[in-house]
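Quick note on labels: first sequence line is chain A, next is B, and so on, each numbered from 1. Just the heavy atoms: all of them, side chains too, but no hydrogens, waters or symmetry mates, feed the values below. Quantities reported herein were computed from a predicted structural model and do not represent experimental measurements.
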There are 2 protein chains.
Amino acid sequence: MATIKDVAERAGVSVMTVSRVINNSRYVSQETREKVERAMKELGYVPNALAHGLITKRTHVLGLIVSDITNPFFTTIARGVEDTAIKNGFNIILCNTDEDVEKEEKYIDLLLRKRVEGIILSPADCNKRDGIERIIMRNVPLVLIDRCIDGLNLDCVYSDSISGAYELTKYLVSLGHKRIGIIVGPRRISTARDRIEGYKKALQEAGIPIDEALIRWGEKYSREDGYKNTKELLATNSPPTAIFGGNRLITVGILKAIRELGLKIPDDISVVSFDEVEDMSVTNPFLTVVSQDSYKMGVIAVECLLKRIKEKDKSFNAPQNIVLQPELVIRESCRALKEVKGESLVEF
Amino acid sequence: MATIKDVAERAGVSVMTVSRVINNSRYVSQETREKVERAMKELGYVPNALAHGLITKRTHVLGLIVSDITNPFFTTIARGVEDTAIKNGFNIILCNTDEDVEKEEKYIDLLLRKRVEGIILSPADCNKRDGIERIIMRNVPLVLIDRCIDGLNLDCVYSDSISGAYELTKYLVSLGHKRIGIIVGPRRISTARDRIEGYKKALQEAGIPIDEALIRWGEKYSREDGYKNTKELLATNSPPTAIFGGNRLITVGILKAIRELGLKIPDDISVVSFDEVEDMSVTNPFLTVVSQDSYKMGVIAVECLLKRIKEKDKSFNAPQNIVLQPELVIRESCRALKEVKGESLVEF
DNA sequence: ATGAAAGCGCTAACAA
DNA sequence: TTGTTAGCGCTTTCAT
């Protein structure tokens with residue numbers, strides 16, 4: 001494998017001159033430059049980024065840590081991240097934690113060893129600060145995405161779960177629903193808590209008492225969470241008239257359960273979702289959702305990170321939360337109810 | 001930022017001893033090891049993988065180049081790749097080419113500079129060999145995934161598109177379909193060519209003449225390709241009675257077009273797809289498909305790559321094609337036709 | 001415009 | 001078991 005030294009010898013110049021050519025320095029005569037470039041081509045020379053990075057302390061690599069790239073929400077974030085990174089000359093190392101804090105810590109360690117210049121993290125547990133603090137201690141720029149960490153002032157890009165859930169719930173309430181089931185992710189994740197908060201807020205505003213039995217915390221924001229909890233919710237004596245899916249995976253589980261039970265949407269039960277469900281939104285757009293622009297989240301996160309990298313050790317701008325507003329998209333998955341005498345509900 | 005030297009000084013040992021502790025060498029007394037570990041912890045020391053890699057020539061990084069991580073087929077591959085990589089102590093750098101050969105070449109160059117230990121590539125153009133040859137010249141292990149390169153003997157993990165398309169077409173033929181439209185990706189991609197080949201084979205076997213007007217090559221294996229070509233196919237004088245989607249994105253485009261035209265599946269038109277369509281397969285499994293195990297493809301590709309990395313410069317096993325058989329899943333998106341006098345088709 | 005010397009943080013190879 | 005020396009491939013600094 002040819003090194004800079006080999007190129008220098010072949011071109012009959014010093015390694016320093018070759019280095020200047022590689023890095024497009026002025027101060028190289030056209031003639032010399034051509035000689036060097038010819039030598040590089042002839043030798044099939046590829047600069048060694050390790051050696052370069054060892055000296056310059058710049059690797060042009062960012063780390064992206066999410067729970068599961070297979071979740072289209074994170075896939076799209078990843079695409080936004082990668083596009084923006086490459087546009088700025090950075091590569092992305094991808095990490096899947098599966099909502100496991102230990103895996104997350106291992107990834108953080110690996111990324112730190114590899115001297116990534118910044119990390120975009122969607123934390124597996126919004127209460128745990130160990131991993132994050134190691135990043136900060138090492139002075140590696142960090143931007144949180146989708147989920148925030150309690151009591152830690154950090155750059156964070158996320159959508160407004162409280163308001164999104166509020167809107168969705170309020171919409172259901174406006175249709176006459178009073179018993180609304182909601183299935184979200186685990187308590188340790190900020191979006192789950194926020195979505196419950198928005199849900200409660202809408203009910204309280206409408207003077208509807210909150211029934212804790214209708215609130216379901218899942219284990220992993222997964223299809224299985226949606227499926228299992230829907231079955232349970234609908235097996236009770238007083239089942240909900242509507243179900244709120246806390247993310248797209250949960251919603252898919254909900255739809256599966258409802259299908260198996262032979263119920264029709266919206267005739268037998270109404271459904272809303274936090275987040276679009278892929279493909280379905282184009283092939284059969286019937287689901288009422290709150291939709292977030294996850295690609296944009298990825299773009300903004302990298303832009304924010306790049307800014308931090310540039311101003312590193314120079315300025316000290318306070319960290320900021322960048323909050324995107326999700327958009328309510330009303331389609332056909334909810335039915336209007338009318339209350340008739342007492343508690344029973346009847347169609348219009 | 002603490003270096004190995006700082007740790008050595010603090011622990012009162014030589015840097016070599018610290019190095020031995022980091023790399024879990026035996027030949028370090030328990031006592032010394034504890035001293036060193038304490039020093040590392042106190043200093044918040046994180047080993048520098050750049051310096052390490054510069055000497056050992058091992059970076060524990062693999063490159064994954066696909067057209068678009070946003071395509072669930074590649075997402076799942078990526079997950080299989082990442083899981084298997086991390087299990088073996090490797091990280092993944094993710095690259096999206098958007099089917100653009102120039103972008104692909106740029107990524108290859110970046111990966112080579114970063115001294116990745118191996119590359120998994122789904123080539124944007126199966127006829128272009130430049131990028132691939134640069135990888136091979138540099139002696140970096142390479143495994144192709146999903147798509148093969150013409151006339152180049154390389155490790156390649158893919159599913160049998162010919163047989164998958166053959167099965168799907170044969171199934172349609174068995175239902176009485178004779179005019180079957182097919183929409184695939186661009187000609188430069190091997191899977192598109194193979195799927196057409198399988199399609200033709202099934203028709204020929206059944207003695208059905210091939211109508212080139214029913215064969216549509218898309219530009220990017222995209223939803224738009226499916227949408228546009230379906231509209232065109234169905235606007236002709238003798239439209240097909242069935243449409244074959246060349247991948248899941250194309251199928252989604254097909255479904256969208258059919259929906260807009262107000263046609264019912266399978267009553268007005270039959271549809272089959274190469275590859276499952278996400279979520280739909282769980283919420284409403286009506287589509288007849290040939291399904292591939294893309295997660296497994298990712299796993300196998302890394303295993304193959306890792307083997308090559310291990311035996312690098314040692315043995316010279318011939319490259320191999322690892323071909324997975326896709327599985328025909330018959331559901332409810334196709335209707336049986338019966339031929340009545342001449343050319344007209346009538347329901348059973 | 002070009003080059004020489006020093007060294008980034010670490011390990012290989014040897015010595016003790 | 002531990003340490004010393006050399007050097008991985010490159011850039012920084014300073015000199016010419």
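- The residue B/Arg26 sits apart from the nucleic acid: no heavy atom pair falls under 4.0 Å.
- Nearest-nucleotide assignment on DNA chain D puts the 5′-proximal partner with B/Glu31, out of B/Glu31 and B/Ala51.
- Between A/Glu9 and A/Lys35, none of the side-chain N atoms (NZ, or NE/NH1/NH2) sits under 4.0 Å from a carboxylate O, so this pair counts as no salt bridge.
- Each of D/dG9, C/dC14, C/dG3 was ranked by its minimum atom distance to the side chain of A/Leu54; first place goes to D/dG9.
- Remark: the B/Arg115 side chain and the D/dG9 base include no donor-acceptor N/O pair separated by less than 3.5 Å.
- The 5' end of DNA chain C is approached more closely, in terms of each residue's nearest nucleotide, by A/Thr32 than by the other of A/Thr32 and A/Lys57.
- The CD1-C1' distance, from B/Ile55 to C/dG7, rounds to 13 Å in whole Å.
- Regarding A/Ile4, its CD1 atom lies at a distance of 13 Å from the C1' atom of C/dG3, rounded to whole Å.
- Checked by atom type and distance alone, the side chain of B/Asp100 pairs as donor or acceptor with a backbone atom of B/Glu102 at under 3.5 Å.
- The residues B/Glu31 and B/Arg38 are annotated as not salt-bridged, no charged nitrogen and carboxylate oxygen being separated by less than 4.0 angstrom.
- Remark: B/Lys312 NZ is packed, more than 12 non-hydrogen atoms of other residues, nucleotides or ligands lying under 6.0 Å away.
- Taking only side-chain nitrogens and oxygens, A/Ser19 comes nearer than 4.0 Å to OP1 or OP2 of D/dT11.
- Salt bridge status for A/Asp6 with A/Arg10: absent, with no side-chain N to carboxylate O gap under 4.0 Å.
- For D/dT11, the OP1/OP2 oxygens have no side-chain nitrogen or oxygen of A/Thr56 closer than 4.0 Å.
- Between B/Thr3 and C/dG9 there is no side-chain polar atom (N or O) within less than 4.0 angstrom of OP1 or OP2.
- Atom CZ in A/Arg58 sits roughly 19 Å away from atom P in D/dC10 (whole-Å rounding).
- Straight-line distance from the CZ atom of A/Arg33 to the P atom of C/dA1: 10 Å, rounded to whole Å.
- Look at B/Thr17 and you won't find any side-chain N or O under 4.0 angstrom from OP1 or OP2 of D/dT1.
- Taking the side chain of B/Asn48 as heavy atoms from C-beta on, and the options D/dT1, C/dC10, C/dG3, the nearest nucleotide is C/dC10.
- Here A/His52 reaches the OP1 or OP2 of D/dT11: one of its side-chain N or O atoms lies under 4.0 Å away.
- One atom, CG of A/Leu112, and another, C1' of C/dG9, lie 16 Å apart when rounded to the nearest Å.
- The side chain of A/Tyr45 lies closest to D/dC10 when the candidates are C/dT11, C/dC10, D/dC10.
- One finds no salt bridge joining B/Arg134 and B/Asp130 here, because no Lys/Arg side-chain nitrogen approaches an Asp/Glu carboxylate oxygen to under 4.0 Å.
- Counting only heavy atoms from C-beta on, B/Tyr27 has its side chain closest to D/dT2 among D/dT2, C/dG9, C/dA1.
- Following rounding to the nearest Å, B/His60 (NE2) and C/dT11 (P) show an atom-to-atom distance of 11 Å.
- Taking side-chain N and O atoms only, B/Ser14 has no distance below 4.0 Å to OP1 or OP2 of D/dT4.
- As rounded to whole Å, 11 Å separates atom P of C/dC8 from atom CG of B/Asp6.
- The nearest whole Å value for the distance from the CE atom in B/Met16 to the P atom in C/dG9 is 17 Å.
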